[in-house]
Structures are given as C-alpha cells and as structure tokens.
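For this chain, numbers begin at 1 and follow the sequence in order. Given the structure is predicted, the values throughout are model-derived calculations rather than measurements.
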Amino acid sequence: TSTGQTVTRVDATHFNFANTGIRRKFTTPKGVVALDVTTSTSAPISVTGVNRNTRTMTGGGITILNNLTSVSCTLTPTAVSWGATCNCPTAGTWAGTCTDSTSMSVAFSSTCGQATVTKGTETSTVTMDRCE
C-alpha cells in the first residue's frame, strides 16, 4: 500500500523525505500514453534548513521507474540547494545509475529554472517551469 510522500521532522532544522510510490500517467486526447512513471525513495532523503535559502538535500535516493519500458534509475542528491529568490534548486546534482546500464544526472544551474540532464551519452539543457 502506498502512503505517498512523507516528511518526518528529525530536529529543528533537519527533516527526512520519503515516498512509497506515486504513479504519474499522461495520456493524449487520442488515448496514447505519452508518459507513465512511478517515483519512490530507495532510502529517505535528508533535508536540512527551514528556509528556502538555507535548504539542502543530500543522501538517500529516488527511484524513477518508466512503466512503459521497465527501465528504472535511482538518483542520489548531492548538495542540492535553493537560492533566496528561486523556487527551484540553483546548485547541486542528482546522479546515479539505471537498469539499462547507463548513468543519469541532473545538474542545477545558478540560473533560476535551468538544469542540465544527462542520460548515458545524451545531454539536454532544460528549463523548469514555476521556478520564479
């Protein structure tokens, strides 16, 4: 049974984030499944800092399962942090390996809403929405 996402307070400035499994499925108006993924934590992720500009994520891991291909990737955050004026991370990386023997990473830019995503040998710069 999935309980979704939980945040557990460890002390005044330290929290653990866990996710027992959330499935996201998007279907086009013509009924074609465009995306079908399930995310869950492989171990709780440590979150420190009570304000956005002091918040950092490290350790633990999140697993992203592509339900269409059965490929999963488990990524661990390293020094993922936020700035005072951006709702999205502005430093740090998520990195790990996938069951198709490739590596994957998401490196956040100091430019609000920008990140570089690499899977295997393919790299793309992405713009995240709702960051400012």
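Note: Leu75 CG to Ser42 OG = 9.0 Å, rounded to the nearest 0.5 Å. Of the inter-residue distances, the one linking Ser40 atom OG with Arg23 atom CZ reads 12.5 Å to the nearest 0.5 angstrom. Met57 contributes atom CE, which lies 10.0 Å from atom OG1 of Thr48 (distance to the nearest 0.5 angstrom). Atom-to-atom distance recorded for Trp82:CH2 and Arg55:CZ is 6.5 Å, nearest 0.5 angstrom. Taking CE of Met104 as the reference point, atom SG of Cys98 lies at 6.0 Å (rounded to 0.5 Å). Once rounded to the nearest 0.5 Å, the distance linking CG of Leu65 with OG1 of Thr99 reads 8.0 Å.
A donor-acceptor pair is defined here as one N or O able to donate and one able to accept, closer than 3.5 Å; such a pair exists between the side chain of Arg52 and the backbone of Ala84. Judged purely by atom type and a 3.5 angstrom limit, Ser109 uses its side chain to pair as donor or acceptor with the backbone of Thr111. A donor-acceptor distance shorter than 3.5 angstrom exists from the side chain of Asn66 to the backbone of Thr69, with no hydrogens or angles considered. At distances below 3.5 Å, at least one donor-acceptor pair connects side-chain atoms of Thr28 with backbone N or O atoms of Val32. Looking at Thr20, its side chain does come within 3.5 Å of a backbone N or O of Gly4 through a donor-acceptor pair. Between the side chain of Thr56 and the backbone N or O of Ser81 there is no donor-acceptor pair closer than 3.5 Å.
Using modelled atom types, one finds a donor on one side chain and an acceptor on the other under 3.5 Å when comparing Thr38 with Asn67.
Both Phe17 and Val80 are assigned to one and the same hydrophobic cluster, defined by single-linkage of ILVMFWY side chains at heavy-atom distances under 4.5 Å. Two different hydrophobic clusters hold Val37 and Val71 under the rule that ILVMFWY side chains link at heavy-atom gaps under 4.5 Å. Linking Ile, Leu, Val, Met, Phe, Trp and Tyr whenever their side-chain heavy atoms come within less than 4.5 Å leaves Val50 and Val10 in two separate clusters.
For Thr74, the side-chain hydrogen bond (donor to acceptor under 3.5 Å, both in side chains) test picks out Thr63, with sequence neighbours left out.
Residues Trp94 and Val117 form no side-chain contact, since every pair of their non-hydrogen atoms from C-beta on lies 4.5 Å or further apart. Looking only at side-chain heavy atoms (C-beta outward), Asp11 and Thr13 come within less than 4.5 Å of each other. Contact annotation: the side chain of Thr93 never approaches that of Phe108 to less than 4.5 Å [non-hydrogen atoms, C-beta and beyond].
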**OP:** Dump the intermediate steps for side chain to side chain contact (heavy atoms under 4.5 Å, CB included) on Gln114 and Thr125, then the final yes or no.
**Re:** CA-CA 7 Å; Gln114 297 291 312; Thr125 299; 3.6 Å; yes

Subject >> Full working for side chain to side chain contact (heavy atoms under 4.5 Å, CB included) between Thr39 and Arg24 >> reply: CA-CA 8 Å; Thr39 57; Arg24 292 166 178 88; 3.0 Å; yes

Original post:
Stepwise, does the side chain to side chain contact (heavy atoms under 4.5 Å, CB included) test hold for Asp100 with Lys119?
Top reply: CA-CA 10 Å; Asp100 64 357; Lys119 183 164 186 308; 2.7 Å; yes

Original post:
Given the rule in the side chain to side chain donor-acceptor pair (under 3.5 Å) test, do Thr123 and Thr118 qualify, once you have shown the distances and angles that lead to the verdict?
Top reply: CA-CA 4 Å; Thr123 299; Thr118 303; 3.1 Å; yes

**OP:** Start with the C-alpha distance between Cys86 and Cys112, add both sets of side-chain angles, then the distance that settles disulfide bond (SG atoms under 2.5 Å apart), and finish with yes or no.
**Re:** CA-CA 6 Å; Cys86 186; Cys112 183; 2.0 Å; yes

**OP:** Check step by step if side chain to side chain contact (heavy atoms under 4.5 Å, CB included) holds for Val7 and Val47.
**Re:** CA-CA 9 Å; Val7 176; Val47 182; over 6 Å; no

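In terms of heavy-atom proximity, Pro77 sits nearest to Gly60 at CD-O, 4.4 Å. Taking every heavy atom of both residues into account, Thr58 and Ala79 meet most closely at CG2-N, 3.5 Å. Counting all heavy atoms, side chain and backbone alike, Pro44 lies closest to Asn16 at CB-CB, 4.1 Å. Taking both residues in full, the closest heavy atoms of Asn87 and Glu132 are given as ND2-O, 3.6 Å, listed atom of the first, atom of the second, then distance.
Val33 belongs to a hydrophobic cluster with Leu68, counting contacts under 4.5 Å between side-chain heavy atoms of Ile, Leu, Val, Met, Phe, Trp and Tyr, direct or through other members.
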